[in-house]
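Any value given below was found using the heavy atoms of this structure, including those in side chains, with hydrogens, waters and symmetry copies removed. Residue numbers run from 1 in the order of the sequence given.
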Amino acid sequence: VAESFPEAKDLFMRASELAGYDILELCSSGPIDKLSRTLYTQPALYTVEAAITTVLNEHGLIPDAAAGHSLGEFCAWFSSGVYDFETGFALISARGKLMDEADPEGRGTMAAVMGLTDQEVSEICSEVGGTVGVANINSPLQIVISGEKDAVEKAGDLLKERGAKRVLYLAVSGAFHSPLMENAREKFRTLVEGSKIRDARIPVYSNVTAKPVTSAEEIKRMMVLQMTSPVKWVEIVKTMVSDGTTEFLELGPGNVLAGLMKRTVEGIDVKSVSEPAGIWEVLHEEA
């Protein structure tokens, strides 16, 4: 994207100056073990998704509403005009650093559970001692749990006994969207409160409530709570459709969200956009 669109390259250059390292090089060449650390993943993904958003906006494609999954929600805030690129980059960099430091002993982990509903998963997790619970409701039958390693593993065994088709332990550096992030959340709250955040130009559907948010004060509250709250992606998608959204664009690497959305709402119109060819195709369709 940076090689094809000057406005995208400019954003990568600005991000690299703020970060103190070459984000474009990291995204292009890795190393993957560095890029996989949330400390680096979050600024990199924010920059990529903000760059694609900027290109689309510069060519006249403006969304009517936005949503993002976990980190992606901060890109949705950017697309809604809540903050400028630099403010968002500072927040997401701090968020990544705080989450990276939240569990230095490596006590926490996450696992994806296939074949059971979020209610079934939540009830089974409640039977396990320790800290474990639902972190992401990705599709009707794909739920992610998060918490202390022992508790997550015990829950995983019990979930398989109770009918889960698969339990996949994730290669993550912490128990995100769980109570183990509470210390990070409170430190992040101070940074959010001190940031220049405006009312949104378009509604952004919150991970925490699955409802549209536009006021600056409510946005700040959602940004903070999101760190320890489950991501209600299924409810977000259904609510956006019921509110009249007819076309969706997934911006950023891969097409994971598109797949989850198609498993959530039958016949949904969603395209994944990351490469220049895909961007030009979307712009041509809208012209």
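The existence of a salt bridge linking Arg221 and Glu218 is confirmed by a sub-4.0 Å separation between a basic side-chain nitrogen and an acidic carboxylate oxygen. A salt bridge is defined here as a Lys NZ or Arg NE, NH1 or NH2 lying under 4.0 Å from an Asp or Glu carboxylate O, and Arg162 with Glu127 meets this definition. The pair Lys97-Glu101 counts as a salt bridge, with a side-chain nitrogen and a carboxylate oxygen less than 4.0 angstrom apart.
With a 4.5 Å cut-off on side-chain heavy atoms, Glu86 and Leu18 count as touching. Side-chain atoms of Leu56 and Leu283, non-hydrogen and from C-beta on, do get closer than 4.5 Å to each other. Side-chain contact between Met227 and Glu182 is absent, with no heavy atoms from C-beta onward closer than 4.5 Å. Using a 4.5 Å heavy-atom cutoff, the side chains of Arg166 and Lys160 are not in contact. Counting heavy atoms from C-beta outward, Leu71 and Thr38 have side chains that stay 4.5 Å or more apart. Residues Tyr83 and Ser195 fail the side-chain proximity criterion, which asks for heavy atoms closer than 4.5 Å. Here the side chains of Val237 and Ile268 are in contact, with some heavy-atom distance below 4.5 Å. Looking only at side-chain heavy atoms (C-beta outward), Asn207 and Lys232 stay at 4.5 Å or farther from each other.
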Exercise for the section: List the steps, then state whether side-chain contact (heavy atoms from CB on, under 4.5 Å) holds for Val144 with Leu170. Expected result: CA-CA 9 Å; Val144 174; Leu170 305 181; 4.1 Å; yes

Exercise for the section: Show your reasoning for whether side-chain contact (heavy atoms from CB on, under 4.5 Å) applies to Arg107 and Leu180. Expected result: CA-CA 9 Å; Arg107 293 184 301 128; Leu180 295 186; 3.6 Å; yes

Practice task
Verify side-chain contact (heavy atoms from CB on, under 4.5 Å) between Glu275 and Val1, making sure each step is shown before the conclusion.
Solution key: CA-CA 6 Å; Glu275 301 297 328; Val1 176; 5.9 Å; no

Practice task
Step by step, work out the side-chain contact (heavy atoms from CB on, under 4.5 Å) result for Met261 and Phe248.
Solution key: CA-CA 10 Å; Met261 294 167 75; Phe248 293 84; 3.4 Å; yes

Problem - From CA spacing to verdict: side-chain hydrogen bond (donor to acceptor under 3.5 Å, both in side chains), Arg95, Gln226 - result: CA-CA 11 Å; Arg95 182 179 183 269; Gln226 195 230 53; 2.7 Å; yes

Handout entry: salt bridge (charged side-chain N to carboxylate O under 4.0 Å, His left out) assessment of Asp33 paired with Arg37
Key = CA-CA 7 Å; Asp33 58 340; Arg37 280 187 65 188; over 6 Å; no

Practice task
With salt bridge (charged side-chain N to carboxylate O under 4.0 Å, His left out) as the test, would you mind laying out the steps for Arg14 and Glu17 before giving the verdict?
Solution key: CA-CA 5 Å; Arg14 286 156 60 187; Glu17 288 178 12; over 6 Å; no

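No side-chain donor-acceptor contact under 3.5 Å links Asn57 and Thr54. No hydrogens or angles considered: a donor-acceptor pair under 3.5 Å links the side chains of His177 and Ser70. Using a 3.5 Å distance cut-off with no hydrogens or angles, the side chains of Asp100 and Tyr40 do not pair a donor with an acceptor.
Between the Lys220 side chain and the Arg189 main chain, no donor and acceptor come within less than 3.5 Å of each other. When atom types are taken as modelled, the side chain of Asn136 and the backbone of Asn138 share no donor-acceptor pair closer than 3.5 angstrom. Using modelled atom types, one side-chain atom of Ser16 and one backbone atom of Ile23 make a donor-acceptor pair closer than 3.5 Å. Counting only distance, with no hydrogens or angles, the side chain of Glu250 and the backbone of Leu257 share a donor-acceptor pair below 3.5 Å. Between the side chain of Ser242 and the main chain of Thr239, a donor-acceptor pair closer than 3.5 Å is present. For the pair Asn255 (side chain) and Ala258 (backbone), a donor-acceptor distance under 3.5 Å is absent. Between the side chain of Asp103 and the backbone N or O of Gly108 there is at least one donor-acceptor pair closer than 3.5 Å. The backbone N or O of Met240 lies less than 3.5 Å from a partner atom in the side chain of Thr245, making a donor-acceptor pair. Under a 3.5 Å cut-off, the side chain of His284 and the backbone N or O of Trp280 do not form any donor-acceptor pair. For Glu120 (side chain) and Thr117 (main-chain N/O), a donor-acceptor pair under 3.5 Å exists by modelled atom type.
Within the model, atoms OG of Ser79 and CD of Glu73 stand 10.5 Å from one another, a figure rounded to the nearest 0.5 Å. Rounding to the nearest 0.5 Å places OG1 of Thr41 at 10.0 Å from CE of Met99. In this structure, Leu11 CG and Met13 CE are separated by 11.0 Å, a value rounded to the nearest 0.5 Å. Within the model, atoms OH of Tyr205 and NZ of Lys211 stand 12.0 Å from one another, a figure rounded to the nearest 0.5 Å. Distance check: Thr214 OG1 to Ile219 CD1 gives 6.5 Å after rounding to the nearest 0.5 Å. The CD atom of Glu58 lies 11.5 Å from the CZ atom of Phe5; values are rounded to the nearest 0.5 Å.
Of all the heavy atoms in Ser146 and Ala135, the pair that sits closest is CB-CB, 3.5 Å. The nearest pair of heavy atoms linking Ser274 to Ile279 is O-CD1, 4.4 Å. Between Ala76 and Ala66, the shortest heavy-atom contact is CB-CB, 3.9 Å. Looking at every heavy atom in both residues, Ala175 comes nearest to Ser178 through O-OG, 2.7 Å. Here the closest heavy-atom approach between residue Ala102 and residue Met181 is recorded as CB-CE, 3.6 Å. Contact detail for Val213 and Ser206: the closest heavy-atom pair is CG2-CB, 3.9 Å.
When the side chains of ILVMFWY residues are joined at heavy-atom separations under 4.5 Å, either directly or via intervening members, Phe12 and Leu35 end up in a single hydrophobic cluster. Follow the hydrophobic side-chain contacts under 4.5 Å out from Val265 and you reach Leu260 in the same cluster. Cluster annotation: Leu91 and Val231 are assigned to distinct hydrophobic clusters (Ile/Leu/Val/Met/Phe/Trp/Tyr, side-chain heavy-atom contacts under 4.5 Å, transitive).
Below 30°, between 30° and 60°, or above 60°: for Phe85 and Tyr46 the angle between ring planes is below 30°, a parallel geometry.
Heavy-atom neighbours of Asp157 CG from other residues, nucleotides or ligands within 6.0 Å: above the threshold of 12. Summarising the local packing, NZ of Lys9 is surrounded by 12 or fewer heavy atoms from other residues, nucleotides or ligands at distances under 6.0 Å. Counting non-hydrogen atoms of other residues, nucleotides and ligands closer than 6.0 Å to NZ of Lys165 gives a total of 12 or fewer. Other residues, nucleotides and ligands place more than 12 heavy atoms under 6.0 Å from the NZ atom of Lys271. Taking a 6.0 Å sphere around CG of Asp10, one finds it holds more than 12 heavy atoms contributed by other residues, nucleotides or ligands.
Ile62 belongs to no multi-residue hydrophobic cluster, having no ILVMFWY side-chain contact under 4.5 Å with any other such residue. If you chain together ILVMFWY residues whose side-chain heavy atoms come under 4.5 Å of each other, Ile145 ends up grouped with Val113, Leu116, Val121, Ile124, Val128, Val132, Val134, Ile137, Ile143, Val152, Leu158, Leu159, Val167, Tyr169, Val234.
In this structure, the side-chain contact (heavy atoms from CB on, under 4.5 Å) partners of Ser80, at least two apart in sequence or on a different chain, are Trp77, Val82, Ala200, Ile202, Val204.
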